[in-house]
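Encoded as structure tokens, the structure appears first; notes follow it.
Here, residue 1 is the first one in the sequence, and each next residue gets the next number. Fair warning: this is a prediction, and the values are worked out from it, not measured in the lab.
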Amino acid sequence: MKRSVAVLAIVSALGLSGCAEKEATGGISAAQASQERRETLDVSALRIMEADFQALPSPEALAGVQSIVAAGVVDGWQEGPALASYPNGPLEHRIFLRIKVTQPLKGLREGKIKNDSVILVDLYRGAVVRDESKKPEEWLPRKSPEDFEKSIPSGTRATVFVNEHLPYDGAVVKPGAPLPENAILTSPPPQGLVFEEQGLAQQNKAGVQTLVGGIEPLDVAGARSGWLEPKNMDELIDRLKLHGFSG
């Protein structure tokens, strides 16, 4: 399955082509909207860009091509760098999701990913707010790290399928918040973030799907894909271990 790439901000008067954000309800199926209404997690802030990619059919298939796979808990959000990605336009702001590792499943090198390692996942922070009193490069993001924390709070269980971060294409204008000591900066593919809905998990009902895709919904690879077979985070971790991913 392929999706077209789209990025950017509330800057229609600048005439930046090929850049757009999803509308609040655009591109979301009725079934998905219904599911998200019964969840306390709000992943909409992560689903503001469309990526052109071939969806892989199962967690183990994605784990096989990513250099880092780990389960853990959300340890907070912090301001990432601001990049000069658009000539004469606003800066592209990034945000880092911090994951404290509780179960390393696949590491870049032996011993690299350990319990208590902190993985930083680099994500697009979203649109800036147009302010005619300032230059475009001074416009600020609409969402703060605190907004992301409210949507996906610390303590949320997560599994990440990521690669070590490559240098940014755009020049770094603002560095963002300092990185935690020994943190591993990473980039996720569209299917690379999976969270557990705590409220549903606590109900402990057999067969209830408590997993939530982050950047893309779990069923992006199809309604019968292997992504939908595990119903909670423990089942997802066990499935990955069964396929040889155990640290």
Side-chain angles (χ1 to χ4, degrees), residues 22 24-48 55-63 69-77 95 97-106 115-119 121 123 143 145-162 188-243 245-247:
K22 292 180 182 178
T25 57
I28 299 178
S29 68
Q32 181 184 342
S34 176
Q35 180 182 9
E36 290 181 353
R37 279 195 296 272
R38 65 181 174 82
E39 295 166 350
T40 57
L41 292 181
D42 178 9
V43 296
S44 61
L46 305 183
R47 297 185 182 179
I48 53 177
L56 293 180
S58 65
E60 59 272 19
L62 182 60
V69 182
V73 295
V74 173
D75 189 48
W77 299 79
I95 191 164
L97 165 62
R98 296 195 306 268
I99 299 290
K100 186 174 182 179
V101 175
T102 57
Q103 294 191 56
L105 298 169
K106 180 181 179 182
N115 286 341
D116 296 331
S117 292
V118 176
I119 293 175
V121 184
L123 298 162
K143 288 187 176 293
E146 291 74 22
D147 292 326
F148 283 87
E149 172 68 25
K150 291 177 183 178
S151 297
I152 304 173
S154 296
T156 300
R157 297 183 72 188
T159 294
V160 297
F161 305 74
V162 291
Q191 294 172 280
L193 291 179
V194 179
F195 301 105
E196 184 174 69
E197 166 48 53
Q198 184 176 357
L200 293 177
Q202 289 177 342
Q203 295 177 19
N204 198 28
K205 293 182 179 179
V208 173
Q209 178 57 267
T210 68
L211 299 181
V212 182
I215 303 171
E216 293 286 344
L218 290 179
D219 63 0
V220 69
R224 296 184 178 181
S225 75
W227 289 96
L228 300 177
E229 293 176 4
K231 300 303 182 184
N232 56 53
M233 195 60 70
D234 290 333
E235 289 183 10
L236 175 59
I237 294 168
D238 288 344
R239 181 186 180 108
L240 291 167
K241 289 182 176 180
L242 184 64
H243 284 85
F245 301 101
S246 57

Look up atom CD in Q209 and atom CG in D219, then write down how far apart they are to the nearest 0.5 Å. 10.0 Å
Just by distance, do the side chain of T210 and the backbone of K231 share a donor-acceptor pair under 3.5 Å? yes
On a heavy-atom basis, which atom in P189 and which in F161 lie closest, and how many Å separate them? CD-O, 2.9 Å
Set of residues satisfying salt bridge (charged side-chain N to carboxylate O under 4.0 Å, His left out) with respect to R239, sequence neighbours excluded: E60, E229
If you compare all heavy atoms of I119 against all heavy atoms of V160, which two are closest, and at what distance to 0.1 Å? CD1-CG2, 4.1 Å
For residues 200-208, tabulate all N or O donor-acceptor pairs below 3.5 Å that involve a side-chain atom, not counting sequence neighbours.
none

What's the spacing between L41 CG and S151 OG if we round to 0.5 Å? 9.0 Å
Note, P217 side chain near R47 side chain (heavy atom, < 4.5 Å): yes
Who are the side chain to side chain contact (heavy atoms under 4.5 Å, CB included) partners of P57, not counting sequence neighbours? A61
Classify the ring geometry of F148 against W77: parallel below 30°, tilted from 30° to 60°, perpendicular beyond 60°. tilted
Could you walk me through whether D234 and R157 pass side-chain contact (heavy atoms from CB on, under 4.5 Å), step by step? CA-CA 10 Å; D234 290 333; R157 297 183 72 188; 2.8 Å; yes
If you take all heavy atoms of E196 and T156, which pair is closest and at what distance? O-CG2, 3.7 Å
Please say which of V162, L46, L97 ends up in a side chain to side chain contact (heavy atoms under 4.5 Å, CB included) with P188. V162
Test your reading of the model: is there a side-chain donor-acceptor pair from Q191 to the backbone of L62, 3.5 Å cut-off? no
So with a 6.0 Å cut-off around NZ of K100, is the heavy-atom count from everything else above 12? no
Please determine whether a side-chain nitrogen of the Lys or Arg among R98 and D75 lies less than 4.0 Å from a carboxylate oxygen of the Asp or Glu. yes
Tell me, which pairs form a ring-ring contact (aromatic ring centres under 6.0 Å, His included) where one or both residues lie in residues 190-226, sequence neighbours left out? none
Locate the shortest heavy-atom distance separating I99 from A158; write the atom from each residue and the value. CD1-CB, 3.9 Å
Closest non-hydrogen contact found for P230 with L236 is CB-N, 3.6 Å
Applying salt bridge (charged side-chain N to carboxylate O under 4.0 Å, His left out) to E235 and not counting sequence neighbours gives none
Ignoring hydrogens and angles, state whether a donor on the side chain of E149 or S154 is under 3.5 Å from an acceptor on the partner side chain. yes
Applying side-chain contact (heavy atoms from CB on, under 4.5 Å), run through V194 and W227 and close with a yes or a no. CA-CA 10 Å; V194 179; W227 289 96; 3.9 Å; yes
For the pair K143 (side chain) and A45 (backbone), establish whether a donor and an acceptor sit closer than 3.5 Å, ignoring hydrogens and angles. no
Value rounded to 0.5 Å, distance of CD in Q103 from CG in N115: 7.5 Å
Does any non-hydrogen side-chain atom of I95 lie less than 4.5 Å from one of P145? yes
D238 meets the salt bridge (charged side-chain N to carboxylate O under 4.0 Å, His left out) criterion, sequence neighbours left out, with none
Do you know the tightest heavy-atom contact between L218 and L211? CD1-O, 3.4 Å
